[in-house]
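Below is one structure, written out as structure tokens; comments come after it.
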Amino acid sequence: MIYKNWNITTTKEQHGIVVDYSDSEGNRYSAPFCFHTYEEARRYGKLCVDQLTRTGVRNNLLLQSIGQNQVASENLEKLSTSA
């Protein structure tokens with residue numbers, strides 16, 4: 001199902017129903033536990049999407065990733081100029 005431009009997927013597994021959710025950029029997230037019904041799993045997925053978008057966690061993760069890539073790039077540049 002699509003919720004606020006996120007894809008929420010529920011799947012039946014051995015111990016119950018699991019929920020995964022991914023944003024429009026393909027970043028995937030998973031709930032760490034199982035549910036008894038598909039509706040419970042979807043409801044939890046919606047709550048997680050709401051929390052991620054409300055708190056800006058996704059933006060923080062993106063900024064951290066950009067910062068790490070920038071540091072790695074600077075280190076690589078230093079190595080190549082010192083050789």
Side-chain angles (χ1 to χ4, degrees):
M1 79 178 286
I2 301 297
Y3 177 73
K4 294 186 177 182
N5 208 28
W6 288 61
N7 186 24
I8 298 176
T9 306
T10 53
T11 309
K12 183 165 179 63
E13 293 193 356
Q14 184 177 1
H15 298 290
I17 313 292
V18 296
V19 61
D20 299 311
Y21 37 102
S22 57
D23 61 17
S24 59
E25 297 167 4
N27 299 309
R28 293 182 52 102
Y29 305 86
S30 296
F33 39 79
C34 297
F35 299 89
H36 293 290
T37 68
Y38 286 100
E39 185 55 37
E40 287 175 334
R42 283 190 291 268
R43 190 175 322 128
Y44 183 80
K46 288 178 180 180
L47 289 172
C48 291
V49 167
D50 288 342
Q51 184 175 1
L52 284 170
T53 56
R54 183 174 44 249
T55 60
V57 169
R58 196 171 65 109
N59 291 336
N60 290 339
L61 291 173
L62 179 61
L63 290 174
Q64 288 174 359
S65 175
I66 290 170
Q68 290 171 355
N69 288 340
Q70 185 175 14
V71 168
S73 177
E74 289 170 358
N75 288 341
L76 183 60
E77 186 177 319
K78 286 177 187 176
L79 284 173
S80 64
T81 58
S82 66

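For reference, positions follow the sequence shown, starting with 1.
- The side-chain heavy atoms of Thr9 and Val19, taken from C-beta on, include no pair separated by under 4.5 Å.
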Dump the intermediate steps for side-chain contact (heavy atoms from CB on, under 4.5 Å) on Thr10 and Val18, then the final yes or no. CA-CA 6 Å; Thr10 53; Val18 296; over 6 Å; no
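- For the pair Cys34 and His15, the tightest heavy-atom approach, listed with the atom from each and the gap, is CB-O, 3.8 Å.
- Here the closest heavy-atom approach between residue Ile17 and residue Thr37 is recorded as CG1-C, 3.9 Å.
- In this structure Phe33 satisfies the side-chain contact (heavy atoms from CB on, under 4.5 Å) test together with Phe35, Tyr44, sequence neighbours excluded.
- The salt bridge (Lys or Arg N to Asp or Glu O under 4.0 Å) analysis of residues 2-12, with sequence neighbours excluded, yields the pairs Lys4-Asp50.
- Put simply, the side chain of Ile8 reaches to within 4.5 Å of the side chain of Lys46, judged on heavy atoms.
- Interatomic distance, Asn5 CG to Asp23 CG, rounded to the nearest 0.5 Å: 8.5 Å.
- Take Ser30 and apply the side-chain contact (heavy atoms from CB on, under 4.5 Å) test, not counting sequence neighbours, and it matches Asp20.
- The aromatic rings of Tyr29 and Trp6 sit tilted, their planes meeting at an angle between 30° and 60°.
- For Glu39, the salt bridge (charged side-chain N to carboxylate O under 4.0 Å, His left out) partners two or more places apart in sequence, or in a different chain, are Arg42.
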